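See structure below.
If you're wondering where the values come from, they're calculated on a predicted model, not measured in any experiment. Naming convention: chains lettered A, B, ... in sequence-line order (proteins, then strands); numbering from 1 in each chain.
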There are 2 protein chains.
Amino acid sequence: MLSHKAKYALKALLYLAEQDENHISRTVEIADGANIPKKFLEQILLDLKRGRFVSSKQGKFGGYYLIKSKNDITLAEIHRLFDGAIALLPCASLNFYEPCSDCKTESECNLRHGLMLIRDKTLKAMEGITIASLVKK
Amino acid sequence: MLSHKAKYALKALLYLAEQDENHISRTVEIADGANIPKKFLEQILLDLKRGRFVSSKQGKFGGYYLIKSKNDITLAEIHRLFDGAIALLPCASLNFYEPCSDCKTESECNLRHGLMLIRDKTLKAMEGITIASLVKK
DNA sequence: CTAATTCCTAGTAAATCGATAGAATTTATA
DNA sequence: TATAAATTCTATCGATTTACTAGGAATTAG
């Protein structure tokens with residue numbers, strides 16, 4: 001399941017993607033438009049900035065805007081930024097790999113291989129969902 | 001990600017699937033064989049029993065055994081029993097559906113449709129992984 | 001200088017997770 | 001029938017995570 005943070009991030013990105021080119025959106029505007037608690041959204045937007053999905057203009061008349069094409073922002077990326085691994089166990093993860101402490105050796109693990117199959121399919125599906133594909137026409 | 005509980009459940013089922021037909025496995029035997037904390041495993045086996053994957057014999061020389069074919073126990077079922085919904089949000093879930101409180105109306109939600117696509121693909125993949133398919137030959 | 005905004009750090013209440021503890025119940029068999 | 005060996009039940013616990021909230025510092029336009 002997605003955390004609220006990831007869900008809010010997606011909704012915020014969708015909001016930004018729906019604005020006119022060159023429009024700068026204030027946090028409060030996004031919060032109201034997408035129904036997200038404002039103070040919480042502040043943190044999320046900063047995370048999205050650190051992840052180079054959006055950039056900001058500080059000070060009066062400042063705000064946030066997309067710096068990555070909505071066609072290039074995938075659900076997989078947002079999941080990883082906010083919720084971490086897409087695989088079902090760390091030992092089956094590409095980006096968040098960690099060995100399992102309860103497995104004697106990895107080659108003997110009956111779970112890992114199957115979970116990597118799942119990971120590949122889920123990842124492929126999640127990479128197919130972009131912000132652009134989600135925006136209502 | 002899977003909880004430890006779900007992971008241990010899978011490992012316990014794998015252990016049971018590897019035993020001879022009619023063999024009854026004590027908790028401590030499964031715990032040692034699959035490297036699972038014994039007291040924690042007790043609860044997990046009770047959950048698996050309530051889920052009708054295993055049954056038990058009480059008292060001396062008692063223990064647990066599979067009552068569902070290892071070909072019919074899927075990763076999807078175990079995920080749902082221990083970790084709940086497979087979908088990324090409750091509003092996109094088949095078995096754990098709940099509306100989102102932050103969405104005005106469901107038809108206006110830009111996320112839901114995409115998340116249901118993911119759910120369908122992930123679910124299909126997870127239904128393809130059975131205990132039998134995981135057992136080492 | 002002031003107002004409006006992002007940026008930063010901390011805190012907090014509630015829930016969840018990953019167990020552990022202890023005792024009640026059930027069963028086989030000596 | 002007593003005993004040993006097992007499941008079953010219920011409660012508790014510490015650590016972590018989650019979903020926020022609070023407050024102020026820094027930045028910028030006019």
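Applying the ring-ring contact (aromatic ring centres under 6.0 Å, His included) test to every pair with at least one member in residues 10-40 of chain A, sequence neighbours left out, gives these pairs: A:Tyr8-A:Phe40. Sorted by first and then second residue, the side-chain hydrogen bond (donor to acceptor under 3.5 Å, both in side chains) pairs with a member in residues 84-100 of chain A read A:Tyr97-A:Glu106; sequence neighbours excluded. Counting only residues at least two apart or in different chains, side-chain hydrogen bond (donor to acceptor under 3.5 Å, both in side chains) contacts with residues 53-62 of chain B comprise B:Lys49-B:Ser56. Pairs engaging residues 1-30 of chain A under the salt bridge (charged side-chain N to carboxylate O under 4.0 Å, His left out) rule: A:Lys5-A:Asp47, A:Lys7-B:Asp102, A:Lys11-B:Asp102 [sequence neighbours left out]. Evaluation of the salt bridge (charged side-chain N to carboxylate O under 4.0 Å, His left out) test over residues 74-95 of chain A, restricted to residues two or more places apart or in two chains, returns A:Lys68-A:Glu77.
Rounded to whole angstrom, the span from the CD atom of A:Glu42 across to the C1' atom of C:dT9 amounts to 12 Å. In this structure, A:Phe40 atom CZ and C:dC7 atom C1' are separated by 17 Å, rounded to whole Å.
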Polar pairs (N or O, both sides) under 3.5 Å between protein and nucleotides 13-16 of chain D?
none

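Listed candidates were D:dA22, D:dT7, C:dT6. Nearest to the side chain of B:Ser56 is D:dT7.
Contacts with DNA chain C (heavy atom under 4.0 Å) in residues 7-33 of chain A: A:Arg26, A:Thr27, listed by number. A heavy-atom distance below 4.0 Å to DNA chain D is reached by none of the residues of residues 88-102 of chain B.
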Tabulate below the donor-acceptor pairs under 3.5 Å that side-chain atoms of residues 116-125 of chain B make, not counting sequence neighbours, or state none.
{"from": "B:Arg119", "atom 1": "NH1", "to": "B:Ala92", "atom 2": "O", "distance (Å)": "2.8"}
{"from": "B:Thr122", "atom 1": "OG1", "to": "B:Ile118", "atom 2": "O", "distance (Å)": "3.0"}

Heavy-atom protein contacts under 4.0 Å, nucleotides 25-30 of chain D, coded B base, S sugar-phosphate only, - none: --BBBS

Summary of protein contacts for nucleotides 10-17 of chain C, nucleotide by nucleotide, where a base hit scores B, a sugar-phosphate-only hit scores S (4.0 Å, heavy atoms): B-------

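Qualifying side chain to side chain contact (heavy atoms under 4.5 Å, CB included) partners for B:Leu81, counting only residues two or more places apart in sequence or in other chains: B:Leu48, B:Phe53.
Mapping B:Lys49 and A:Lys39 onto DNA chain D by nearest heavy atom places B:Lys49 closer to the 5' end of the strand.
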